[in-house]
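Note that ligands are numbered from 1 as they come in the structure, with each ligand's atoms numbered from 1 the same way.
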Amino acid sequence: MFTARQTFTSFQRRAFSASSRQSSKVTVLGASGGIGQPLSLLLKLNPRVTELALYDIRGAPGVAADISHINTNSKDIKVTGYIPTTEGLREALSGTEVVLIPAGVPRKPGMTRDDLFNTNASIVRDLAKAAADSAPDANILVISNPVNSTVPIVAEIFKSRGVYNPKRLFGVTSLDVVRASRFISEVKGTNPANENVTVVGGHSGVTIVPLISQSNHPNISGETLDKLVNRIQFGGDEVVKAKDGAGSATLSMAMAGARFAESLLKASQGQKGVIEPTFVESPLYKEKGIDFFASRVELGPKGVEKIYPIGKINDYEQKLVDACLIDLRKNIEKGP
Ligand SMILES: NC(=O)C1=CN([C@@H]2O[C@H](COP(=O)(O)OP(=O)(O)OC[C@H]3O[C@@H](n4cnc5c(N)ncnc54)[C@H](O)[C@@H]3O)[C@@H](O)[C@H]2O)C=CC1
Ligand SMILES: O=C([O-])CC(=O)C(=O)O
């Protein structure tokens, strides 16, 4: 058993060796928010991150000052909070490898993610313009909802500026995968660390399609299956209801976002076989006019390396996919 001190020391050793290998600037847009703060904290703990640029319309320098006192990777890492000016945003983005965007308003009880469109679409659009100008080659990770629409918005902005690279644009759907593994482990009484459930489609309600037949427990059926699938699809609502007007998932989302960023950095630093489900421009349902779809994606130094097909699914899951595609098409078309 490690003591806290021993664990920390080995963590710092890893930090040093990772940072001596590669320098990776990561930028968080919306860094002072419910997701932004814990996400920035987790990124500061990540030895692969050697520069952390925090931007928000309020409070980013304070968050940066606070986080910068954490003595991880302290030899090399720079943490900077930028004030909300054009110049501040440009500097936050300049030379960055990964841009995480959790800027925008969260849901309140009774709202759908789509109800956030009017406010968040313009926030994401403006930030995407800045990213296209100052970080055209970065990996862009969109967290702001509705993800099914905000990702196509970013794509259009990058296209309009002639810098769109579909391999570098990701809607972050990792929280659905995190929830699926947690919820299935609760049903089966297992360790969630050993449960890996593929979730495909999009990121809202019925567009979230967990493929339980491909999990360790393909025989879950009947009411147990219905309840499990429903809980994964509407896990976000569970948190919105419990927070009772104070927002939506922030801490679990920070963990899921940090995990995705870590996967991208691992892949960009040469690790092979890094696979994450994520919402990307995808060939899987293009013939049905659906340009973006989440499925398992292998990541590499150039971003998307390989998009896996959804694989063998049963009739129950085919019905879920059919329902998903109807809503997903509308969400994507609404975007740009
Ligand atoms: N993809 C996913 O799985 C999830 C997505 N979300 C979404 O993430 C978004 C953020 O959620 P929270 O952090 O809880 O909200 P929050 O309100 O706590 O934080 C949002 C932050 O964005 C900042 N902001 C607003 N406009 C900005 C701009 N133009 N530039 C830079 N920063 C700006 C705000 O000042 C605030 O600090 C919401 O849209 C929410 O629905 C939430 C959970 C999961
Ligand atoms: O439910 C929400 O509005 C936030 C979100 O996307 C999630 O928790 O999955």
**OP:** Just do the side-chain hydrogen bond (donor to acceptor under 3.5 Å, both in side chains) check on S185 and E195 with the steps written out, would you?
**Re:** CA-CA 7 Å; S185 79; E195 302 295 353; over 6 Å; no
Original post:
Would you say the side-chain atoms of D176 and H203 include a donor-acceptor pair closer than 3.5 Å?
Top reply: yes
Original post:
Is the shortest distance from a Lys or Arg side-chain nitrogen in E281 or K167 to a carboxylate oxygen in the other one below 4.0 Å?
Top reply: no
Original post:
Would you say the side chain of S263 lies within less than 4.5 Å of the side chain of E276, judging by non-hydrogen atoms?
Top reply: yes
Original post:
Sub-3.5 Å donor-acceptor pair from the side chain of S215 to the main-chain atoms of V197, do we have one?
Top reply: no
Subject >> Lys/Arg N to Asp/Glu carboxylate O, E51 vs K78, below 4.0 Å >> reply: yes
Subject >> V147 near ligand 1 by a heavy-atom separation under 4.0 Å >> reply: yes
Subject >> Atom indices of ligand 2 within 4.0 angstrom of A249 heavy atoms, with elements >> reply: 8 (O)
Original post:
M253: heavy atom below 4.0 Å from ligand 2, yes or no?
Top reply: no
Original post:
Relative to atom 9 (O) of ligand 2, which among R179, M111, K243 owns the nearest non-hydrogen atom?
Top reply: R179
Subject >> Residue, atom name and distance, where the atom is the protein heavy atom closest to atom 4 (C) of ligand 1 >> reply: M253 SD, 3.5 Å
**OP:** Could you check atom 18 (O) of ligand 1 against the protein and tell me its nearest heavy-atom contact, residue, atom and distance included?
**Re:** G34 N, 2.7 Å
**OP:** Closest by any non-hydrogen atom to atom 15 (O) of ligand 1: pick that one out of S122, S32, G30, G104.
**Re:** G104
Subject >> side-chain contact (heavy atoms from CB on, under 4.5 Å) evaluation trace for L39 with I143 >> reply: CA-CA 11 Å; L39 174 60; I143 294 173; 4.1 Å; yes
Subject >> Min N/O separation D237 to ligand 2 under 3.5 Å >> reply: no
Original post:
What residues, two or more places apart in sequence or in another chain, satisfy ring-ring contact (aromatic ring centres under 6.0 Å, His included) together with Y285?
Top reply: F293
Original post:
Can you tell which part of N120 has a heavy atom less than 4.0 Å from ligand 1: side chain, backbone, both or neither?
Top reply: side chain
Subject >> Under-4.0 Å salt bridge between E87 and R90 >> reply: yes
**OP:** State the atoms of ligand 1, each with its element, that fall below the 4.0 Å cut-off from a heavy-atom position in A249.
**Re:** 42 (C), 43 (C)
**OP:** State the atoms of ligand 1, each with its element, that fall below the 4.0 Å cut-off from a heavy-atom position in I123.
**Re:** 26 (N), 27 (C), 28 (C), 29 (N)
Original post:
Where is the nearest protein heavy atom to atom 6 (O) of ligand 2: which residue, which atom, and how far?
Top reply: H203 NE2, 2.6 Å
**OP:** Please could you name the atoms of ligand 1 that R58 approaches to less than 4.0 Å, counting only its heavy atoms?
**Re:** 35 (O), 36 (C), 37 (O)
**OP:** Starting from atom 7 (C) of ligand 2, locate the nearest protein heavy atom and write down its residue, its atom name and how far away it is, to 0.1 Å.
**Re:** R113 NH2, 3.3 Å
Original post:
Taking heavy atoms and a distance under 4.0 Å, where does D176 meet ligand 2: side chain, backbone, both or neither?
Top reply: neither
Original post:
Between D115 (side chain) and R107 (backbone), is there a donor-acceptor pair under 3.5 Å?
Top reply: no
Original post:
Do L54 and V79 have side chains that get closer than 4.5 Å, going by heavy atoms?
Top reply: yes
Original post:
Quick one: does S204's side chain get under 4.5 Å of D114's, heavy atoms only?
Top reply: no
Original post:
Considering only protein heavy atoms, which is closest to atom 10 (C) of ligand 1, and at what distance to one decimal place?
Top reply: P102 O, 3.0 Å
Original post:
For ligand 2, is there an N or O atom under 3.5 Å from any N or O atom of R107?
Top reply: yes
**OP:** Answer with yes or no whether V239 contacts ligand 2, where contact means a heavy atom under 4.0 Å from a ligand atom.
**Re:** no
Original post:
For atom 6 (N) of ligand 1, which protein heavy atom lies nearest, and how many Å away is it?
Top reply: N145 ND2, 3.3 Å
**OP:** Check the pair K159 / E156 against salt bridge (Lys or Arg N to Asp or Glu O under 4.0 Å), numbers first and verdict last.
**Re:** CA-CA 5 Å; K159 276 182 203 163; E156 284 311 309; 3.1 Å; yes
Subject >> atom 25 (C) of ligand 1: the protein heavy-atom neighbour that sits closest, reported with distance to 0.1 Å >> reply: I57 CD1, 3.8 Å
Original post:
Does ligand 1 have a heavy atom under 4.0 Å from the side chain of T173, from its backbone, from both, or from neither?
Top reply: neither
Subject >> Atom indices of ligand 1 within 4.0 angstrom of Y55 heavy atoms, with elements >> reply: 30 (N), 31 (C)
Original post:
What part of H203, side chain, backbone, both or neither, has a heavy atom within less than 4.0 angstrom of ligand 1?
Top reply: side chain
**OP:** Mark up the atoms of ligand 1 that fall under 4.0 Å of a heavy atom belonging to T250, in ascending order.
**Re:** 14 (O)
Original post:
Closest non-hydrogen protein atom to atom 5 (C) of ligand 1, residue and atom name please, with distance?
Top reply: I143 O, 3.0 Å
Original post:
Salt-bridged, K330 to E333, with N to O below 4.0 Å?
Top reply: no
Original post:
Quick one: are the ring centres of F279 and F170 less than 6.0 Å apart?
Top reply: no
Original post:
Is the closest side-chain heavy-atom distance between T173 and V199 below 4.5 Å?
Top reply: no
Original post:
Hey, which atoms in ligand 1 end up nearer than 4.0 Å to a heavy atom of L127?
Top reply: 30 (N)
Original post:
Which residue supplies the protein heavy atom nearest to atom 11 (O) of ligand 1, what is that atom called, and how far is it?
Top reply: I35 CD1, 3.5 Å
Subject >> Between T72 and K44, a side-chain donor and acceptor under 3.5 Å >> reply: yes
Original post:
atom 38 (C) of ligand 1: which protein heavy atom is closest, and how many Å away?
Top reply: V105 O, 3.2 Å
**OP:** Under 4.0 Å from a heavy atom of L116: give me the atoms of ligand 1 that qualify, with their elements.
**Re:** 41 (O)
